[in-house]
Amino acid sequence: MDNGRVKFGVVVFPGSNCDHDAYYAAKKVLGQESEFLWHKETDLRGADVVVLPGGFSYGDYLRCGAIARFSPVMKEVVRFAKDGGTVIGICNGFQILVESGLLPGVLLRNSSLRFVCKYVRLKVENAATRFTRACTPGEILSIPVAHGDGNYFTDPDTLRRLEENNQIVFRYCDTRGEATVEANPNGSLGNIAGITNSEGNVLGMMPHPERASDPLLGHTDGQKIFRSIIDTVRQMSYTGSTAKREEVPHG
Amino acid sequence: MEPYSEHLVTPEIARQHGLTDEEFGWILKLLGRNPSWTELGIYSVMWSEHCSYKNSIALLKTLPRSGGRLLVSAGEENAGLVDIGNGLAVAFKIESHNHPSAVEPYQGAATGVGGIMRDIFTMGARPIASLNSLRFGDLGSDRTKYLLKGVVKGIGDYGNSFGVPTVAGEVYFDPCYQENPLVNAMSVGVVKTGQWARAVAKGKGNPVMIVGSSTGRDGIHGATFASEEISEASEAKRPSVQVGDPFTEKLLLEATLEAIRTGFVVGIQDMGAAGIICSTSEMSARGLSGMDINLDRVPTRETGMSAYEIMLSESQERMLVVVERGREQEVERIFSKWDLHAEIIGEVIEGDRLIVRHQGRVVADVSPHSLVLGGGAPVYHRESRRPSYLDQTERFDASSIPEPDDLGEILLRLVGSPNIASKRWVYEQYDSMVRTNNVVLAQGDAAVVLVKEANRALALKTDCNGRYVYLSPRVGGMIAVAEAARNVVCTGGVPVAITNCLNFGNPYKPEVYWQFKEAVAGMGEACMAFDTPVTGGNVSFYNESPTASVFPTPVIGMLGVVDDLSMVTSAAFREQGDIILLLGETRGHIGGSEYLATIHKATAGQAPPIDLLREKRLQELTLECIRQNLVRSAHDCSDGGLGVALAECCIIDEEKMRGAQIDLRDLGVGRSDFLLFGEDQSRIIVSTRDEESAADIISRAEKHQISAARIGVVGGSDLKIAGMLEVGVRQLAGVYYGAIDSEVENR
């Protein structure tokens, strides 16, 4: 952190294509520091937050995110996360997080078998995480999705643990906040749109908060995710706590 | 020394390569000897319709192709370039991939997108938006569903992975496109003025590099395939279709832009149709230079490829780059950073000679100038004759059409017809938001895309009503341009230039050539009237099958500039109580209408007449009202007429649908169905906040000599048109948004 500005490190894999959008949202819309981290690098350059952006890393050939997790930079990202650093994976970034084992579960092909790009509604199931503290519990956010493989799935035990531990942060919902089948763009288990790890420092989400940040585009709900992260990092630095601080989310 | 030839080239073999006897005679004369096997391949593909424009170029030259904000005139470079101010320029172009998509819809459409993207970034411009214009047969048929699904998935998978938003498009269905669908893709990119790259080979001794993917046997003679009609035999041409790799193209994009920024790139051209031969000869001819290249240095993905195959391969994701001598390593380093090949395959030489070597032998020694459009490629003026079907269609008597009882039911059927219904099933499969520049999402008449660095936006639209062009080629050509411009104006943009993709049948048929000639003349007149020069584009002939020829379909890709972002306007009615005005005249012209086609199963009459000067005044009036902040919404009346346009204004913003109370009885059209569904041109529906603003708009309209009528008020949950129909907006929306989804998914 520099002059009170939080430093976002945006990883660039070959085939990443939302890297500029995340960079732009953090730097130009929210006025923070932002830097690209090349996939062949092994240094996170002092980033306070690591962003694994959307896109099609390595063409998503073989399986989404399956090759990216072997990138040199990912070793450092895993270490950073294990040390309690803040990591957010958006869309393809979420897929990379599950492939690398930082988050449980898998992301299957959408149940429609079609790519889907549209605005969806998300219910904030846990507003106490470092990614959602600027939201109110149960708040409904309007944020777009754009993916072909966003159908979250896991085994019943893991699902139970995710629920008990309040790790399910976002669910797709309708205007009233109900997690209906119609409101679910990809058929994900329990309408899951985003989860954290059990420590609460790693978030994966299919929707794109960086696309709903710039007021010029007419939607700003995504800013709340960035604001939450910024507040968290600042607070950790003011209170002198290190990134290693254990943080268990509460619903 | 004569180049080595694997086989003896005879006139018969030349004919099999699609060359006429006359053309073969010219080749013999040019070379002063018999061509080698590789040279035959080279001439046949470079002189094919697809590369040479031999049957269209004479007419294309009649279009306005310079002036205005154009930095590069049509045909000079890979794409046109337009100054948008604040030190930025826009490169944009539209191209067809019809024939490949007819036999292999997924790869055909995907590589169509890839090809047009390369045309843009090879100029140093970063693509920021893509559009497409699609035509299919009857949506009820299995073949159409197969083609539609494949094409849409192909466009989506390529564009989504490549990371450029697909922001707008159009999809039409008509039985004439059953065997021969149209797949036109457009790309728009931005580059700093003065930093764009040229497609030129210059400077003796400068190395020539091939970068990107290795070369395989895919797509050999793709350009020749595109220059004949679709038939039973076309299925066998599936290997002529290239295979796309958007991931490699994304790497190629980043590496290319980085390489151009070094300033060491003398010239660069993508490899699309006709592969290495096209880029080497065109770059040489433009630079008044030659090249000496060695095919043994071209990375290949298969062993044993002949010189002929390497020269003609249309493997995707490749570029040819001429680099300043001594700077090869800097450029190579950039490509290797992105894990791409960059191999030196030869050098620039003096004189008009292209020497091709393979396995220690010269296999071709030709004049690049003789190969290219604008150089030695043939130019033909074909015979033209007014088609006799026009006698039939023009004899149409509107009074023979029975007047329906229930106009509400007719409106619902029109709103649910695949040509009018929401294309949501299609556009939700495209990433329309990546790069976070998209301002108006599917709610405006044109897509509006921010150019953040320039603090302005682009308004983009593709348009063509093929039925109009079929019925009245000249007027139809004018309307295609006029409507695209009108759409841009409705979003608050000033139309500045067009690109076009001219899809026609076999030009050797005099009737087809007449359609082509007339449509080009109409487009030219409209471009002059609106001061929107043609920056380039593509001609696709031979869109025919044994059973039918497609409607002549000259698709217009219009570029508009929105100087003030607060002017961006959508089509949706906004607030209860807003006053609705109709600008322009309503006469009830139903010839060529969607109403006639969908409800009465007739493609008949003539296209609606258009007065280009009045159209221009209407557009100026609308822009003036938008700039004076008098307008809350603006929507053009097109397919389905006033009735459908009003319904769209009510439901186009699905989150905030509005009803409207309308009275059209003062417009003075006798029959209600003609009044509601006639497609008179030069009409725009606007809504405004209060009586004072409405009066202001009406008085401005008078000054522009445009009729303006107050036709109703926004409000309620129904679209009520006094004395004619009353339909709930929810019901309209259900049909409008559900029609294509339920047909394609068999729900």
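Just so you know, these numbers come straight off a predicted model, no measurement behind them. By convention in this document, chain letters (A, B, ...) are assigned in the order of the sequence lines, proteins followed by strands, and residues within each chain are numbered from 1.
The number of heavy atoms from other shown groups lying within 6.0 Å of CZ (B:R301) is above 12. Under a cut-off of 6.0 angstrom, the local environment of NZ in A:K75 is sparse, with at most 12 non-hydrogen atoms contributed by other residues, nucleotides or ligands.
Ion pairing between B:K656 and B:E575 holds under the 4.0 Å rule for side-chain N and carboxylate O. With respect to the salt-bridge test (charged N to carboxylate O, under 4.0 angstrom), the residues B:R126 and B:E453 do not qualify.
At a 4.5 Å heavy-atom cutoff, the contact between B:E655 and chain A is made by side-chain atoms alone. Both the backbone and the side chain of A:Y58 come within contact range of chain B, with heavy atoms under 4.5 Å apart. B:L253 does not touch chain A: none of its heavy atoms, backbone or side chain, sits under 4.5 Å away. Heavy atoms of A:K28 lying under 4.5 Å from chain B are absent altogether. Residue contact with chain B, scored on non-hydrogen atoms closer than 4.5 Å, involves the backbone of A:S16 exclusively. When heavy atoms are compared at a cutoff of 4.5 Å, B:N437 approaches chain A solely by way of its backbone atoms N, CA, C and O. Proximity to chain A involves both the backbone and the side chain of B:K337, based on heavy atoms less than 4.5 angstrom apart.
You'll find the side chain of A:V29 stays beyond 4.5 Å of the side chain of A:F226, heavy atoms only.
In terms of heavy-atom pairs under 4.5 Å with chain B, the best-connected choice from A:A212, A:P14, A:A146 is A:P14. No other option in A:H208, A:E210, A:R121, A:H147 has as many heavy-atom pairs under 4.5 Å with chain B as A:R121. Note: A:G59 leads A:C18, A:S57, A:G59 in heavy-atom pairs under 4.5 Å with chain B. Across A:D214, A:D60, A:V116, A:T175, the residue that shares the most heavy-atom pairs under 4.5 angstrom with chain B is A:V116.
Panel note: side chain B:Q429, backbone B:W425; a donor-acceptor pair is recorded below 3.5 Å. Panel note: side chain A:E35, backbone A:R45; no donor-acceptor pair is recorded below 3.5 Å.
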- request: Start with the C-alpha distance between A:F36 and A:Y23, add both sets of side-chain angles, then the distance that settles ring-ring contact (aromatic ring centres under 6.0 Å, His included), and finish with yes or no.
  value: CA-CA 8 Å; A:F36 291 118; A:Y23 177 92; 4.4 Å; yes
